[in-house]
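What you see is a predicted model; the values in this text were computed from it and never measured. All ligand and atom numbering here is 1-based and tracks the order in the structure.
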Amino acid sequence: MKFEIILLVALNIALGQCFLFNKANGKWNDLKVTWGINPFNSKNFQSLPRTEAEAVSLGWTKEKNCSQVNGNRYIFNNDNAVLLIFDVRGIIAGIATSIPKGLPFNYPSNKIQPLFNDEGEFYTLSAYFIEPSSVCSGQVARQLTGDRLIIKGNQKELRVPMEQQNLSGFWTQGKCFYTMGLHVWADIEGNQIDENTPEENFSPIFLLYNSGKLNGFGFAFNADLPSKRFEHPDKNVLNMFFRRTPLFYKDANKTGKLSTLHIYLDKTPRLNFC
Ligand SMILES: *[C@@H]1O[C@H](CO)[C@@H](O)[C@H](O)[C@H]1NC(C)=O
Ligand SMILES: *[C@@H]1O[C@H](CO)[C@@H](O)[C@H](O)[C@H]1NC(C)=O
Ligand SMILES: *[C@@H]1O[C@H](CO)[C@@H](O)[C@H](O)[C@H]1NC(C)=O
C-alpha cells in the first residue's frame, strides 16, 4: 500500500514537471474507463465501443432493451460494472453501472437511492450523454459521443455543467490529480463536502474538469465490488482528491474497501493536467 501511495505522489510530481501540453479542442471523441498507473495494462484507460455495431463485433451482448430500460443496453462478459447505453439508432447515449442489492453498510443509502434505478436484483446508476428522453425515441441528429452529461435515476436527475465556471453551490470542488482532472464531489442534499459529511449523503458521482471543461466523470461507491474495471483507492490517498476529506472514511462501521470508476470522454486522459 505504501508503495502505491509513493507511486501516486511521484506520478503527480513527474507529470507536473512536463506540464507543456494543452488539451485539444474539448470535443468528446472517445469513451474510456478505468484509471491505472501501468501504461502497459490494457484494462487501464480502455476505449469502449461507441456504436452498437462495433459493440456487437467486439463481443458485447444486449442485456436489456428500450422496452425494459431507457436504452438498448450492452454488457461484456456478464460484467455489470460497465453497461453501454445505445440509442435506438445504435449510437452511444450513455454508460451505466449495476450494483447488487444487500451490500454492507446498507449501501446505497435511502438518500442516494433516488439517483439509481431499482431493477429488482440491482440498483443501476445511469449517465447520459444526450437528453435521456430522446434515447429510445431517437429524434435527435448528433455526433459521437454526445454533448451533455445527465445522471438520471428513478426519482432524481443531476444535470452537470459543461464548464467549471458554471458549477453551482451543489457541487464541491476537490483537488487536481494529473491523468484525471479537477475532482468535483457532491453531497446529495447540496451541502459542501467536508469532514462532517455523513456517509449516507455522499453522492456516487464525481466530475472531472480540465482546462475548465468537463471531459470526464466517475462513479464512487462505498462498496467492495469485484469487477476488474473498478479502481480501489487506498483510504490514505483520499486527501489527494478532496480538499476536506470526510471523516466517515476512517470509520470501519461506515465504510470498507471503496470501488471507483473513472470515465473519460476524450482520447487523451493521460494529458489531463486540470
Ligand atoms: C426486448 O426485450 C424483451 C424482453 O427480453 C423481448 O421480449 C423483446 O423482443 C425485445 N425487443 C427487441 C426490439 O429486441
Ligand atoms: C456560464 O457562466 C458564464 C460566466 O458566468 C456565463 O456567461 C454563461 O452564460 C454560463 N453558461 C451557462 C450555460 O449557464
Ligand atoms: C463500531 O461499532 C461498535 C458497536 O457500536 C463499536 O463498539 C465500535 O467501537 C465501532 N468501531 C469503530 C471503528 O467506530
Open item on the list: Would Lys254 pass as a cation-pi partner of Phe105, given that its NZ or CZ must be under 6.0 Å from the six-membered ring centre and within 45 degrees of the axis?
Closed with: no
Task: Sidechain N-carboxylate O distance under 4.0 Å for Glu119, Lys64 - done: yes
Task: Worked verdict on Tyr264 versus Trp35 for ring pair (Phe, Tyr, Trp, His ring centres under 6.0 Å) - done: CA-CA 9 Å; Tyr264 300 98; Trp35 179 88; 9.0 Å; no
Task: Lys64 and ligand 1 - part of the residue with a heavy-atom distance under 4.0 Å - done: neither
Task: Presence of salt bridge, Asp118 and Lys101, under 4.0 angstrom - done: yes
Open item on the list: Are Phe122 and Leu125 connected into the same hydrophobic cluster when the rule is that any two of I, L, V, M, F, W, Y join if their side-chain heavy atoms are below 4.5 Å apart?
Closed with: no
Open item on the list: Give the residues near ligand 2 by chain and number, with the criterion being a heavy-atom distance under 4.0 Å.
Closed with: Gln165, Asn166
- [ ] Indicate, with yes or no, if the rings of Phe202 and Trp185 have centres closer together than 6.0 Å.
- [x] yes
TODO: May I ask you to check whether Phe206 and His262 place their ring centres under 6.0 Å from each other?
DONE: yes
Open item on the list: Only heavy atoms of Asn65, strictly under 4.0 Å: list the atoms of ligand 1 that pass.
Closed with: 1 (C), 2 (O), 3 (C), 8 (C), 10 (C), 11 (N), 12 (C), 14 (O)
